[in-house]
Amino acid sequence: MKLEDLVPPLGSCRQIPAGEFADSALVWCNIYSFEPNTKTHIGLWVRENFESTTDLPICPAPTLAEIMAAIGHATGRDPVCGYDHGVGEWWGLVDIRKRNPVTKEHDWLRIAFRDRNPATAAFGVWLELKEVSK
């Protein structure tokens with residue numbers, strides 16, 4: 001397992017609005033090397049070690065635990081993440097109550113997302129939750 005397996009991919013993390021996951025333990029960043037004949041590459045860095053580097057942060061890289069905590073905080077409900085052995089994918093879901101603008105009643109809404117990476121599955125739920133909450 002690599003560090004990159006613990007977080008959603010860079011493309012997904014670039015969708016994080018400014019200020020969200022600001023205290024995430026990991027960040028995606030441009031990593032510069034001062035060694036001759038080496039190229040800059042994008043990688044993960046531990047945030048607490050980041051202050052002393054010349055690398056440039058791109059965006060937060062939240063872990064599964066950080067994403068699940070954010071979903072729970074936003075909804076007041078416990079999100080769920082599990083593994084489907086039949087298809088080899090992780091899934092994340094949360095049920096929320098949302099007011100129906102037509103009937104003025106509160107309806108239950110289930111937000112779910114699947115991916116081969118558990119952090120990405122939970123991140124998909126978090127992103128959808130942000131859209132539903134607008």
Side-chain angles (χ1 to χ4, degrees):
M1 179 177 279
K2 301 179 295 187
L3 196 56
E4 289 82 0
D5 296 331
L6 301 177
V7 300
L10 175 61
S12 296
C13 290
R14 285 183 189 262
Q15 298 176 61
I16 298 173
E20 298 281 353
F21 295 108
D23 59 349
S24 180
L26 301 172
V27 291
W28 283 105
C29 61
N30 288 309
I31 299 174
Y32 294 97
S33 174
F34 294 104
E35 299 294 321
N37 302 320
T38 57
K39 296 181 180 179
T40 300
H41 68 280
I42 295 173
L44 287 172
W45 201 263
V46 176
R47 183 180 298 275
E48 67 184 31
N49 297 337
F50 194 75
E51 304 291 325
S52 63
T53 71
T54 58
D55 304 322
L56 299 176
I58 297 173
C59 59
T63 64
L64 175 61
E66 292 168 336
I67 297 165
M68 297 292 273
I71 293 170
H73 180 73
T75 63
R77 299 190 54 82
D78 292 331
V80 180
C81 190
Y83 186 72
D84 185 339
H85 292 279
V87 293
E89 287 185 333
W90 289 88
W91 50 266
L93 69 86
V94 67
D95 292 325
I96 61 170
R97 287 181 52 100
K98 183 152 175 75
R99 188 166 189 251
N100 184 316
V102 176
T103 66
K104 308 294 187 219
E105 299 291 321
H106 282 88
D107 298 327
W108 284 102
L109 174 66
R110 174 165 282 178
I111 300 173
F113 195 83
R114 299 177 77 88
D115 193 86
R116 294 203 178 274
N117 176 327
T120 304
F123 187 75
V125 171
W126 181 82
L127 277 180
E128 183 66 23
L129 181 62
K130 294 303 257 182
E131 287 299 313
V132 168
S133 299
K134 285 184 180 178

Identify every side-chain donor-acceptor pair in residues 80-91 under 3.5 Å, counting partners at least two apart or on other chains, and give the distances.
from, atom 1, to, atom 2, distance (Å)
Asp84, OD1, Gly86, N, 3.0
Asp84, OD2, Arg114, NH2, 2.7
Glu89, OE1, Arg114, NE, 3.1

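Put simply, CD1 on Ile111 and NZ on Lys98 are 9.0 Å apart, with the number rounded to the nearest 0.5 Å. Atom OG of Ser12 sits about 11.0 Å away from atom CH2 of Trp126, to the nearest 0.5 Å. From Leu26, atom CG reaches atom CG of Leu6 across 7.5 Å, with rounding to the nearest 0.5 Å. Here the straight-line distance linking atom CD1 of Ile96 with atom CZ of Arg77 works out to 9.5 Å at 0.5 Å rounding. A distance of 6.5 Å separates CZ of Phe21 from CZ of Phe123, quoted to the nearest 0.5 Å. How far CD of Glu131 is from CG of Leu127: 8.0 Å, rounded to the nearest 0.5 Å.
Under the 4.5 Å side-chain criterion, counting only non-hydrogen atoms from C-beta, Asp5 is in contact with Lys2. Side-chain contact between Pro8 and Ile67 is present, with at least one heavy-atom pair separated by less than 4.5 Å.
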What's the verdict on salt bridge (charged side-chain N to carboxylate O under 4.0 Å, His left out) for Asp95 and Arg110, showing C-alpha distance, side-chain angles and the deciding distance? CA-CA 4 Å; Asp95 292 325; Arg110 174 165 282 178; 2.7 Å; yes
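Two different hydrophobic clusters hold Leu129 and Leu93 under the rule that ILVMFWY side chains link at heavy-atom gaps under 4.5 Å.
Closest approach of Pro62 to Ile16, counting heavy atoms only: CD-CD1, 3.7 Å. Shown here for Glu66 and Ala61, the closest heavy-atom pair between the two residues is OE1-O, 4.2 Å. When all heavy atoms are compared, the tightest approach of Trp28 to Cys13 is NE1-SG, 3.6 Å. Residues Gly92 and Val125 come closest through the heavy atom pair O-CG2, 3.1 Å. Of all non-hydrogen atoms in Ser24 and Thr63, the two that sit nearest each other are OG-N, 4.5 Å. Thr120 and Val7 get closest at one heavy-atom pair: OG1-O, 4.4 Å.
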